[in-house]
Amino acid sequence: MIDLSWKEFTQNLVVDFCSARGSRTFTLAEFNSANEGQILEHSPLNNNAFAKIRQQFQYLRNDGVLTFLDKRGTYTLREPIVLHGELHEDAPAFVYDQMPMDRAKREKREYIAETFARDKGWVKQAKDVHGHFCLHPECINTFKKPDGIPYCEVHHIIPLFENGEDALHNLAIVCAHHHKMAHFAEGSTQSKLKDLFLGIVDTRLSAGGHL
């Protein structure tokens, strides 16, 4: 077995942890609790293993692998999480793959993953601010679910793998059609949609006192 440095060990553990729970966003306390055994086993003679983990998180932030979201110790993983096999909404399964991915494949996988891998608090806030209807001004695609609530999706306007934030100012409410357009349309259309949604979200947050 190859001896990993603390940073390598922590980075691998973070990726495995996020893959297993199907979410990029987590708190330091959640991470330490779920991985206590492995952390202590990595360096049995170190009496400050969890302080060491906190230090490695800072190093991973400096490297752009993690983003620190708030004062409660919440982080978002930015490394690609590659999806293998069928994705089911009730049982998402993510695994990490270090094989190089071209941009198109990475974008597609990021789109699939982001529907399920997001902090629910941000989703609720986005819907509280923007409602349940697509933000595209010409959209007529929103439909109601059997419970009467309009169906919508929450979209990272700037994807996480392009250094977009898992935060309210980077989240838009969209229909499934415009969500796919934002990820899979040709370049100029993607760029126009990105600018459109960023502008609408900024205006709404400013008007509501959220910025």
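These values consider heavy atoms only, across backbone and side chains, with no hydrogens, waters or symmetry-generated copies.
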State the [atom1]-[atom2] distance between [X] and [Y], to the nearest 0.5 angstrom.
X: Q56; Y: F9; atom1: CD; atom2: CZ; answer: 10.0 Å
X: D195; Y: Q190; atom1: CG; atom2: CD; answer: 12.0 Å
X: N35; Y: D16; atom1: CG; atom2: CG; answer: 8.5 Å
X: C134; Y: H177; atom1: SG; atom2: NE2; answer: 8.5 Å
X: H155; Y: K194; atom1: NE2; atom2: NZ; answer: 8.5 Å
X: R54; Y: T10; atom1: CZ; atom2: OG1; answer: 13.0 Å

Donor-acceptor check, side chain of [X] to backbone of [Y], threshold 3.5 angstrom: yes or no?
X: S206; Y: D202; answer: yes
X: S191; Y: G187; answer: no
X: N170; Y: H156; answer: no

Query raised in the report: With D128, which residues qualify under salt bridge (Lys or Arg N to Asp or Glu O under 4.0 Å), at least two apart?
Result: K124

Quick one: does [X]'s side chain get under 4.5 Å of [Y]'s, heavy atoms only?
X: Y75; Y: T27; result: no
X: F26; Y: C18; result: yes
X: F50; Y: I39; result: yes
X: L66; Y: V14; result: yes
X: E153; Y: C175; result: no
X: I200; Y: R204; result: yes
X: I53; Y: W6; result: yes

Requested in this report: Check the hydrophobic clustering (I, L, V, M, F, W, Y; side-chain heavy atoms under 4.5 Å; chains of links allowed) and say if F133 and L171 are grouped together.
Outcome: no

Report task. Looking only at non-hydrogen atoms, find the nearest pair between V65 and Q11 and report the distance. Result -> CG2-NE2, 4.0 Å

Query raised in the report: If every non-hydrogen atom of L198 is compared with every non-hydrogen atom of H169, which pair is closest and at what distance?
Result: CD2-O, 4.4 Å

Query - Distance flag, aromatic centroids of F31 and F57, threshold under 6.0 Å - result: yes

Query raised in the report: Can you list the residues that meet the side-chain hydrogen bond (donor to acceptor under 3.5 Å, both in side chains) rule with S188, with sequence neighbours excluded?
Result: E186

Report task. Mind running side chain to side chain donor-acceptor pair (under 3.5 Å) on S5 and E8 for me, showing each step along the way? Result -> CA-CA 5 Å; S5 68; E8 292 171 328; 3.3 Å; yes

Query raised in the report: Going by the side chain to side chain donor-acceptor pair (under 3.5 Å) test, which pairs reach into residues 58-67, not counting sequence neighbours?
Result: K7-D63, Q55-Y59, Q58-R61, Q58-N62, T67-R78

Report task. Could you note down all residue pairs passing side chain to side chain donor-acceptor pair (under 3.5 Å) where residues 38-50 supplies at least one of them, sequence neighbours left out? Result -> none

Query - With C152 via side-chain contact (heavy atoms from CB on, under 4.5 Å) - residues at least two apart - result: K127, H132, I173

Query - Under the side-chain contact (heavy atoms from CB on, under 4.5 Å) test, residues paired with A172 that sit two or more places apart - result: L135, I157, V174, F197, V201

Query raised in the report: Counting only heavy atoms not in K145, do more than 12 sit closer than 6.0 Å to its NZ atom?
Result: yes

Report task. Look at the aromatic rings of H183 and H179 and report parallel, tilted or perpendicular, splitting at 30° and 60°. Result -> tilted

Requested in this report: Under the side-chain contact (heavy atoms from CB on, under 4.5 Å) rule, what do K144 and I149 come out as? Steps first, then yes or no, please.
Outcome: CA-CA 5 Å; K144 290 185 178 180; I149 298 175; over 6 Å; no

